[in-house]
Asks: 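Dumping the structure here so I can ask a few things about it.
In the text below, chain A, chain B and the rest are named by the order of the sequence lines, each starting its count at 1.
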Amino acid sequence: MNLIYIGFTLALLLINVAGVTALVGRWISAFPLARATGILLLCTVFFFIEHFIGLGRLVWMWPFTTALSLFLLIHCRKALTERGFWRSETVFLLAFLYGFAWRYTFPDINNSSEHVADLYFISNYLPGHTLPPPDIWYPPHTFTVYYAFQHYGAALMARMFGFSGGLAYNLAIPLLTGMTVALAWYFISHFLQNGWYRALLLIVFVSGANSMSPLVHLAMNPPEFLGPGGQAQELIVGSQRFIGDSEMPSNIHVPTPLGLKLFPPLQEKGKPAPGFQPRQLPEETFGYLYFLGDYHPPLGSFFLLMLALALIAAIETGAIGKLGEGALAFTVPIVMITNPWLFPFQGFLLMAWIVCRLWQKRAPDWRMLIGGGALGFALIFPFLIDFAARSISAPIRPVQSTDHTPWTRFLGMHWTLMLLVPLAMIKPAGRKLAVALALTFGLLLLISEMIYVDDPTGDLYERTNTTMKWWGWIWSGGLIAVGTLCLASPVKFVRWATALMLATLCICVLDVGRYFYYEGKPSVGHLEGDYWYTANPANRDLFNYLKAAPDGIVLESQYEERYTDGGIHALFSGKTLAFGWPAHLDTWRTPVDDVWTMYQQTQQFYRGALPNSLDWLLAHDIRYVVWRPEDSQKNFGVFPQINGQIGSRYIWQGFSEPGAPLVGVWVRKP
Amino acid sequence: MSLILLVLIASLLLVNFAGLALLLRPWFRDHAIAKAAGVIGFTLLFFFIEHFAGLGRLVWMWPLTTAIALGVIWLRLEEIKAGLWKQELVFVIAFLFALAWKNSFPDIVPQDGQLADLSFVDNYLHGGTLPPQDSWLPHLPFNMCYAFQHYGAALLARIIGLEGGYAMNLAFAVILALLASLAWSVARRFSASRAACAVLVVAVMAGGSGIAPLTHFIMNQDAPNREAKAGLASDNVWTGMRFAGSYVDRINTDFGKALFPPLSSEDKPSPDFESRDLPLETIAYLTFLGDYHSSLGGFLLLFIALACIAALESTPVAPAVSNSAQATGLSRNRPLQALLAATVPLTLAMNPWIFPLQAILLLGWAAYRHMRKNAPDWSAILAGGFVTMALIYPFLSQFAPHALPLQIRMVASTDHTPWNVFLGLYWPVLVLMVLALTQMRRIRPALLAVAVFAFLLLLSELVFVDDSAAPKYVRFDTVLKWWEWIYAGAILLIGAICLRGGKWVRGIAVAVLLLVSTYAIDIASYWHNSGKLSAGKMSGYAWLIRDGADKAILEFLKSAPHGVVLESLDADAYTPSSAFALFAAQPSLNGWPEYEAQWRGASAHVTDNAQRNRLFYRGNLPDAAQWLIGNDVRYIVWSRRDQERQADARTRIDALISPRYAWIPVTIDGGGELGYWVRK
């Protein structure tokens with residue numbers, strides 16, 4: 001039954017996407033671009049409108065949009081077939097299915113990485129309130145502090161098709177990655193005829209390989225006790241987080257003798273100050289995000305990057321009219337609401353293209369560029385009003401000498417791109433675009449080592465967020481743009497050298513494959529994302545009870561500052577949590593003294609040690625107080641005491657079997 | 001990020017204002033006048049309508065108005081390309097300058113009257129039917145003050161979806177830009193030289209009084225470090241404005257003492273006599289101060305009137321920009337005459353103190369026209385005056401019965417301005433007047449300008465509005481409102497006329513204007529040397545939330561449902577009290593009692609409530625819960641300021657009100673708990 005439901009859900013979604021593609025394809029002939037711009041425009045226009053008036057439930061839409069899509073696809077099938085529509089759809093479908101396979105196999109939305117935070121972003125937008133919506137992790141405030149446009153997109157899809165937040169999460173990832181891969185393929189195909197070369201590039205891009213991928217095999221020796229899946233995971237993560245992470249004391253990060261020679265660890269005498277810790281400088285590539293499973297903003301910025309590159313390719317080859325230049329400029333403001341860390345870089349890419357056009361003595365269409373940019377800024381303006389006023393200050397600063405990347409590690413992480421850039425410039429006659437793109441990504445890499453965004457994190461994490469966002473973008477964009485143009489070089493040496501380099505990176509496919517094969521798959525097919533928790537019947541019953549209960553604020557224990565299970569009941573049941581992960585709220589809204597106070601008081605409450613706990617619950621308008629198995633473990637024997645404190649106004653609803661750890665919820669009496 | 005938002009908002013405003021100006025230009029035949037008239041007319045129309053029915057949320061408007069504006073710009077693109085962009089450029093440059101200043105110093109602080117201005121803006125933020133609830137006295141309507149200019153800022157906030165403080169800072173920049181573009185319009189009517197016009201505009205917008213060039217010679221200028229330099233620059237700026245009565249006593253150089261000998265006890269008419277405080281404030285000073293006072297609106301009406309007069313009375317000096325408007329002359333233009341007349345009743349809603357001055361200016365112009373045998377178009381004048389009067393009538397019918405009665409009296413002999421101080425302040429105007437009189441035959445409007453402003457200056461020395469102030473301040477309010485108007489108007493109009501004079505006259509006039517402009521050096525020095533802790537935080541509350549607990553309190557109040565907020569009073573005015581409420585767009589129970597008591601005619605109720613507030617915050621108000629409920633208080637703030645005053649009072653208060661109010665701590669530290677109470 002579940003399979004039938006999932007199958008039909010996918011069919012509905014894909015028919016609608018195809019419908020949008022066919023419709024927009026009337027104006028933009030390149031279908032991958034039509035698909036991407038159509039969906040982007042749809043989300044942006046809804047996002048704009050809903051800042052004025054929330055449109056509430058939209059589930060009535062899908063019968064109409066599906067009918068319209070089917071009509072378009074059937075009515076125009078001949079013309080579409082002639083224009084290569086189905087070939088383009090096949091590429092997208094394959095890319096979508098690859099992403100879906102990951103989510104189908106590993107659908108859990110749990111406290112690892114940013115899964116829960118991403119579901120929280122989506123859930124804020126699910127009810128369809130006028131934006132900015134109420135913040136379900138910080139009542140009674142509004143959700144204004146995060147750039148969650150792609151999460152709005154997922155929520156819009158959920159509202160249109162009647163999906164739960166978890167299902168939307170697990171379908172939005174393949175949708176977004178599918179479109180991104182289709183765009184990358186479009187760029188690659190435009191410049192490369194050789195199928196092997198095309199496949200090589202795409203494999204490197206999709207597998208998440210980077211320059212460290214082959215080197216970690218030489219430098220790291222993951223211990224046996226991790227098992228084959230764990231060892232593969234260690235190598236995949238190691239390739240992205242090698243700099244800094246590999247030097248952290250751990251029984252997992254085991255260097256090989258060669259690794260110690262290639263990347264000598266920082267010695268005590270080499271430290272600029274006692275207690276100095278190696279800087280954590282990760283790079284998260286596009287393909288790595290499949291493995292990570294986060295529906296996080298870098299996904300959106302990869303999509304916009306590939307859209308920009310595909311537009312550049314289409315403009316250069318005349319496959320798109322002047323509209324393409326407007327669309328190219330349009331992507332820049334959209335980055336601001338998707339992943340503003342990359343706003344300067346997307347702007348830089350646009351500027352580089354303009355300079356290239358001027359160099360080619362073919363001035364761009366300024367009206368379209370200004371028009372596209374202005375339209376983008378106008379559409380994001382209502383969001384920016386609240387967001388810019390409340391977002392934390394994160395100025396761009398020069399990198400301090402102690403925070404620079406150690407040179408061997410820098411080379412290890414970037415050697416491929418560092419070689420691709422000069423290779424692209426060999427025999428530049430008639431290849432100004434190749435030179436321009438190579439210089440662009442080369443310069444951006446240089447810039448990433450000179451400046452950084454000074455966010456609230458510091459010390460060994462001073463540049464972490466910056467390099468995580470920037471390097472992944474530079475590598476993925478550089479790989480597709482510069483890699484493609486190197487493989488399309490008229491010089492055989494350049495083509496072969498590039499192919500050889502990329503082929504060595506493909507060892508990552510082995511790691512990814514081993515991980516996929518060996519890793520446990522207890523939740524396969526449970527696309528709601530909660531099976532890791534609801535496999536336990538008591539937890540399931542509590543979830544179901546809360547889902548059906550009227551709206552109200554939920555209190556849950558939190559024993560860690562972030563990445564905890566505290567909050568998942570409210571999140572999966574669509575309720576407002578008394579307060580979300582404090583460390584996350586602090587990162588987004590710093591300072592949040594009230595949240596930290598609440599955090600302390602909640603811990604006291606669950607220990608039964610909070611004075612006037614009943615008054616405290618009522619003052620915070622708490623309607624549901626969740627008791628989960630961890631509470632019994634952490635606060636053994638305290639349950640009756642708490643029940644005595646609040647029992648006069650809150651009724652206990654238990655769901656656990658006799659003898660099992662208590663699971664249930666206190667519900668405020670009417 | 002905040003800078004990008006500011007750029008976007010600025011672009012949006014520029015496009016909308018440009019569209020508005022282009023739309024009205026066919027009637028007013030002058031870009032700057034059309035723009036100013038459009039902005040005021042648009043605001044006035046809403047002001048009128050909302051006295052019948054509040055229009056609520058207006059954020060849906062900007063896409064619509066922007067689309068219309070872009071359409072108009074598109075249709076008039078050829079005209080813009082042909083040269084109209086140059087006139088737009090003046091507005092843009094002035095707007096960017098003003099915005100840059102506001103972006104550097106955006107704080108809306110309690111030290112001056114800025115929180116009072118914010119309370120006015122807040123009153124109009126919610127979009128209810130006017131008159132609105134008074135955010136400083138929530139059980140009464142706000143109908144005892146003139147705040148048309150603040151309504152404009154609130155309208156801006158509602159249309160773009162901004163916070164009140166942000167909109168107030170933005171509106172400040174808009175008014176300054178309108179003033180500069182109007183000043184440019186006046187200057188260009190008389191002078192073909194762009195450089196000379198620029199000198200005049202700088203003197204008007206950034207210049208000081210006659211004291212400005214003397215400040216550095218009459219006051220010691222030693223400052224060892226940047227902080228001291230910023231303080232010194234600030235002192236210099238204040239000296240130029242508050243010279244008579246305040247800063248004249250601080251002169252500390254021999255040269256200064258020779259020019260302005262200190263008042264000896266023998267010279268005093270009575271032993272307890274104090275020098276009269278007689279301020280002369282210029283646009284530059286008000287910009288420096290940052291108060292969004294009604295003076296700005298007064299300047300705007302004055303400059304519109306002067307721009308109309310200049311357009312009506314000047315003959316062309318520069319080649320026509322894009323149409324034949326200047327070539328044919330505008331002396332019979334009816335919309336301009338109607339607009340000129342409209343400025344007079346508008347003062348009643350904007351800044352009633354200048355009503356007589358604006359009326360005299362209009363009458364002076366009409367008399368001049370009759371004298372020139374070129375009678376004004378009385379039907380246009382009556383129509384402009386009557387329609388505007390009708391539009392502000394709903395406001396007036398509320399305001400007039402509650403306005404404080406004031407009486408005009410003759411200035412006593414002891415209250416006159418000392419002659420040397422008067423000369424010190426006004427020598428630039430007097431020199432320009434003499435220069436203009438030498439040109440009377442060539443430039444006819446010189447007679448009108450000199451006669452009107454000389455008469456008004458004389459009048460300001462003969463009569464004053466008696467608002468029962470202490471002897472030192474007996475003329476303070478009158479002079480404050482009148483002199484700034486007279487001085488700015490005289491410098492602009494007479495200055496512009498002099499720029500059209502002969503070589504010598506023009507040369508001397510430019511020299512005078514440059515000397516006046518030296519005031520800008522001190523302002524620039526202040527900008528350069530002062531710390532800009534809140535730069536970019538245009539909502540104006542960065543100063544309030546430096547403490548994490550205070551930030552959490554403000555953030556809560558911003559999101560909380562509408563309700564009256566109680567904050568402690570350390571003083572009756574110029575105190576941070578009510579800041580949390582105002583920045584959160586919530587009503588405050590006590591506001592600034594001194595201000596409210598004055599506006600409400602020495603209301604005992606206001607002062608009594610203020611006294612209860614003090615007792616409450618010390619935990620000594622016995623019937624605290626009853627008092628709070630009786631006044632419909634929903635939130636009670638206990639901030640860092642309250643903790644520092646008397647930390648142990650919180651538990652006493654909690655004991656008194658806990659049956660009806662729930663305590664929500666936001667910080668618990670060694671000093672106790674900070675947070676707020678919420679009505680259960």
Asks: With a 4.5 angstrom heavy-atom cut-off, is it the side chain or the backbone of B:Leu12 that approaches chain A, or both, or neither?
Replies: side chain

Asks: Give, for atom CG of A:Asp615 and atom OG of B:Ser658, the distance between the pair rounded to the nearest 0.5 Å.
Replies: 8.0 Å

Asks: At a 4.5 Å cut-off on heavy atoms, which part of B:Val678 comes close to chain A: side chain, backbone, both, or neither?
Replies: neither

Asks: Who wins among A:His51, A:Met336, A:Arg589 for the most heavy-atom pairs under 4.5 Å with chain B?
Replies: A:Met336

Asks: Just to verify, what does A:Tyr152 make a ring-ring contact (aromatic ring centres under 6.0 Å, His included) with, not counting sequence neighbours?
Replies: A:Phe47, A:Tyr125

Asks: A:Asp365: which residues meet the side-chain contact (heavy atoms from CB on, under 4.5 Å) condition with it, sequence neighbours left out?
Replies: A:Lys322, A:Glu325, A:Arg367, A:Met368

Asks: Side chain, backbone, both or neither: which part of B:Glu163 has a non-hydrogen atom closer than 4.5 Å to chain A?
Replies: side chain

Asks: Going by heavy atoms in the side chains, are B:Trp60 and A:Ile53 under 4.5 Å from each other?
Replies: no

Asks: Do A:Phe381 and B:Ile160 come close enough that some side-chain heavy atom pair is under 4.5 Å?
Replies: yes

Asks: What residue, out of B:Gly548, B:Pro561, B:Gly536, has the most heavy-atom pairs lying under 4.5 Å from chain A?
Replies: B:Gly548

Asks: Can you tell which part of A:Pro395 gets under 4.5 Å to a heavy atom of chain B, answering side chain, backbone, both or neither?
Replies: neither

Asks: For the atom pair NZ (B:Lys551) and OG1 (A:Thr590), what is the distance rounded to the nearest 0.5 Å?
Replies: 7.0 Å

Asks: Quick check on B:Lys558 against chain A: is it the side chain, the backbone, both or neither that has a heavy atom closer than 4.5 Å?
Replies: side chain

Asks: A:Thr130 versus chain B, heavy atoms under 4.5 Å apart: side chain, backbone, both or neither?
Replies: side chain

Asks: Taking only residues two or more places apart in sequence or in another chain, which ones pass ring-ring contact (aromatic ring centres under 6.0 Å, His included) with B:Phe46?
Replies: B:Phe42

Asks: At a heavy-atom separation under 4.5 Å, does B:Phe556 approach chain A through its side chain, its backbone, both, or neither?
Replies: both

Asks: What parts of residues 591-608 of chain A touch chain B if we use heavy atoms and a cut-off under 4.5 Å?
Replies: A:Pro591, A:Asp593, A:Asp594, A:Thr597, A:Gln601

Asks: How long is the gap from CD1 on A:Ile385 to CG on B:Leu162, to the nearest 0.5 Å?
Replies: 4.5 Å

Asks: Any heavy-atom pair between the side chains of B:Met1 and A:Phe387 that's under 4.5 Å?
Replies: yes

Asks: Select one option (side chain, backbone, both, neither) describing which atoms of B:Trp62 are under 4.5 Å from chain A's heavy atoms.
Replies: side chain

Asks: In terms of heavy-atom proximity below 4.5 Å to chain A, should B:Pro63 be classed as side chain, backbone, both, or neither?
Replies: side chain

Asks: Just how far is it from atom CZ of A:Phe377 to atom OG of B:Ser11, taken to the nearest 0.5 Å?
Replies: 9.0 Å

Asks: Give, for atom CG of B:Leu5 and atom CG of A:Asp386, the distance between the pair rounded to the nearest 0.5 Å.
Replies: 9.5 Å

Asks: Mark yes when over 12 heavy atoms from residues, nucleotides or ligands other than B:Arg652 sit less than 6.0 Å from its CZ; otherwise mark no.
Replies: yes

Asks: Can you tell me which of B:Ala549, B:Ala560, B:Ala662, B:Ser539 forms the most heavy-atom pairs within a distance under 4.5 Å of chain A?
Replies: B:Ala549

